Amino acid sequence: MITSLNRAIVLSLLWFVASISTASADWIDDFIAEQLKERKIPGLSIAVIRDGEVLKAAGYGMAKLEFQVPATKETVYEIGSISKQFAAEAVMLLVDEGKLDLDKSITEYLPSNAPESWKPISVRNLLNQTSGLKDWTEVKEFSYRREYTSEEFIDLVSAFPLEFQPNDDWKYSNTNLPLVGIIVERVSQKSYEAFVSERIFAPLGLPSIQFNHNSKIVSGRASGYVLRDDRLEQGEPFRPKIIAPSGGVLANAVDLARWWETMLQGRLLKATSLEQMLLPTKLNNGKSVSHGFAFFIDTFNGHKMIFHHGSTVGGFGSVVRYFPNEKLTIAVIGNLEDGGFGPEYISKRIANVYIPGSYIGGLTKSEDSESSQLELVHLELLREIAENKPSSMLTAEYAPRITPEFRESTASNLTSLLTFEFLGRERIGDDHFIFDRSLTEARYFKMSTGNRTHYYHFRCRDDGKFGAIFSEEY
């Protein structure tokens with residue numbers, strides 16, 4: 001039996017929870033407004049979904065500066081390289097049907113002008129970024145203002161030698177996915193756009209997700225912008241169809257988050273296919289890279305995440321983060337091409353509201369008994385790096401790779417140092433995105449200077465030698 005006292009307690013608790021949620025939502029709104037101003041992002045939309053429930057969806061700023069059209073949760077943007085997951089999914093649908101073998105040479109599926117040097121490259125190598133192919137974005141002859149046949153694109157990128165032998169190394173290359181698109185066309189006997197639209201877009205029932213055509217009228221479509229000489233200008237409006245698998249899809253933030261949740265909870269593909277898409281990449285030397293088929297996988301402070309970024313010359317930046325243990329999906333899309341750094345940072349801060357401690361700025365000073373000693377040791381290492389002194393604390397492989405820019409920025413930070421605090425550490429596992437698997441522990445520190453906060457990530461081996469250091473500034 002519920003007494004009047006119990007009812008009052010329940011109502012008080014509900015009010016308290018609601019007030020926290022409202023405060024968090026208000027904080028996100030205020031934070032994003034500040035970020036748009038600081039980063040000069042015209043407009044941005046976000047969606048936060050937990051296990052099917054939309055926790056927050058909103059738009060900020062302007063979708064079209066020319067007509068002062070506000071961005072909303074329905075605003076449609078280019079999602080850039082997040083389009084790559086549709087290409088990977090298309091391949092796995094064909095694998096499920098027994099029409100395509102991931103470990104066969106791509107030359108068995110491509111037109112006859114594919115060079116002999118590509119025979120060792122498998123379809124799997126294209127999907128997990130171990131092909132060694134040069135990125136077409138580095139090819140000066142490539143034009144956004146013309147269409148390419150499959151043969152013409154192959155001739156363009158095959159003129160350059162492989163940067164490494166397939167599966168010897170990992171390097172992100174936008175060339176891989178247009179070739180995946182060509183393979184999907186030749187195996188399915190349909191255009192890439194037709195196959196993906198029929199087999200993926202239509203069953204999803206998420207209407208904003210569609211292929212980008214400059215001539216098509218799309219309800220709620222945002223304009224894209226780039227910064228040139230600190231002045232906003234229109235982004236590149238044209239892109240040939242051949243690169244659509246690499247970055248040719250439109251979506252609003254809510255539909256994008258819903259699609260990721262649908263896919264990563266195994267509702268579209270066979271369980272074995274999804275498992276393959278999320279497996280870390282194994283290189284020939286036995287090392288692994290925490291990247292699957294168009295998915296990055298990482299862990300921070302015990303929170304596993306699956307994510308990808310997008311950035312387009314059309315003037316857009318995006319990121320989706322999925323936390324499988326917490327069943328939380330965050331999509332952030334903006335209409336400024338800034339390398340994706342704005343959406344990346346914003347998504348981290350939003351994630352920390354719903355999952356405290358899921359990004360480094362959400363950590364607090366550690367109460368570890370060794371904190372003071374760790375602070376002294378790591379601060380001394382930063383001083384040695386800033387002064388360009390040889391350090392016995394660095395691995396022989398890493399020491400020569402420290403850039404002058406990192407030394408200079410660290411030296412500048414140290415001149416105005418106020419505090420340096422140890423935030424915590426964790427063991428590095430298979431779900432951490434890291435190239436050097438000899439590094440076994442990550443340590444996190446917060447440095448406060450005059451008017452900025454800098455977060456330092458140190459990665460070390462079991463013998464205490466450091467093989468990676470990087471910083472974030474907020």
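Counting from 1, the numbers follow the sequence of the chain as shown. Being a predicted model, the structure only gives us computed values, none of them experimental.
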So if I apply the side chain to side chain contact (heavy atoms under 4.5 Å, CB included) rule between Ser347 and each of Asn352, Val332, Ile46, which one comes out positive? Val332
Could you tell me whether the side chain of Ile306 reaches within less than 4.5 Å of the side chain of Leu278, counting heavy atoms only? yes
So that I know where these two stand, are Tyr322 and Trp260 an aromatic pair - ring centroids less than 6.0 Å apart? no
Distance (rounded to the nearest 0.5 Å) between Arg407 CZ and Ile385 CD1: 6.5 Å
Between Thr130 and Thr281, is there a side-chain heavy-atom distance shorter than 4.5 Å? yes
Nearest non-hydrogen partners of Tyr192 and Ala244, listed with the distance: CE2-C, 4.4 Å
Treating Ser45 as the side-chain partner and Thr72 as the backbone partner, does any N or O pair qualify as donor plus acceptor under 3.5 Å? yes
Within this structure, what is the CG-CD distance for the pair Asp135 and Glu138, rounded to the nearest 0.5 Å? 5.0 Å
Could you go through Lys40 and Asp230, starting from their C-alpha distance and side-chain angles, then the distance that decides it, and tell me whether this counts as salt bridge (charged side-chain N to carboxylate O under 4.0 Å, His left out)? CA-CA 9 Å; Lys40 299 184 178 179; Asp230 209 32; 2.5 Å; yes
Please say which of Asn212, Asn252, Val320, Leu256 ends up in a side chain to side chain contact (heavy atoms under 4.5 Å, CB included) with Ile79. Leu256
More than 12 foreign heavy atoms under 6.0 Å from CD of Glu233: is that the case here? yes
If every non-hydrogen atom of Asn214 is compared with every non-hydrogen atom of Pro237, which pair is closest and at what distance? OD1-O, 3.5 Å
CA sep, side-chain torsions, deciding dist, call: Glu147, Arg239, salt bridge (charged side-chain N to carboxylate O under 4.0 Å, His left out): CA-CA 8 Å; Glu147 293 292 348; Arg239 248 87 77 231; over 6 Å; no
What's the spacing between Ile469 CD1 and Met393 CE if we round to 0.5 Å? 8.5 Å
Close side-chain approach of Lys446 and Lys365, heavy atoms under 4.5 Å: no
More than 12 heavy atoms from other groups under 6.0 Å of NZ on Lys171: no
Which value, rounded to the nearest 0.5 Å, describes the distance between Asp368 atom CG and Leu423 atom CG? 11.5 Å
Residue pair Glu344 / His309: nearest heavy atoms and the distance that separates them: OE1-NE2, 2.6 Å
Between CG on residue Leu177 and CD on residue Gln129, distance to nearest 0.5 Å: 6.5 Å
Taking Thr299's backbone N and O only, do any of them form a donor-acceptor pair with Asp431's side chain (distance below 3.5 Å, no angle check)? no
Can you give me the closest heavy-atom contact between Val313 and Val226, atom names plus distance? O-CG1, 4.2 Å
Looking at Lys465, I want to see if its NZ is surrounded by more than 12 non-hydrogen atoms of other residues, nucleotides or ligands under 6.0 Å. yes
Can you tell me how far the OG1 atom of Thr175 sits from the CD1 atom of Ile243, to the nearest 0.5 Å? 10.5 Å
Residue pair Leu133 / Ser173: nearest heavy atoms and the distance that separates them: O-OG, 3.0 Å
Distance under 6.0 Å and angle within 45° of the ring axis: does Arg349 meet both against Tyr359? no
Determine whether the aromatic ring centres of residues Phe433 and His291 are separated by less than 6.0 angstrom. no
Leu439 versus Phe466: any side-chain heavy-atom pair under 4.5 Å? no
Where do Ile49 and Val254 come nearest, in terms of heavy atoms and distance? CD1-O, 4.0 Å
Does a sphere of radius 6.0 Å around CZ in Phe67 hold more than 12 heavy atoms from other residues, nucleotides or ligands, not counting ones at 6.0 Å or beyond? no
Here's a test for you: under ring-ring contact (aromatic ring centres under 6.0 Å, His included), which of Phe420, Phe470, Tyr455, Tyr456 qualifies with Phe445? Phe420
Any side-chain heavy-atom pair of Ile428 and Glu441 under 4.5 Å: no
Under a 3.5 Å distance rule, please check whether His378 uses its side chain to pair with a backbone N or O of Leu374 as donor and acceptor. yes
Using the benzene-type ring in the case of Trp, are the ring centres of Tyr444 and Phe300 under 6.0 Å apart? yes
Residue pair Phe307 / Asp298, side-chain heavy-atom distance below 4.5 Å: yes
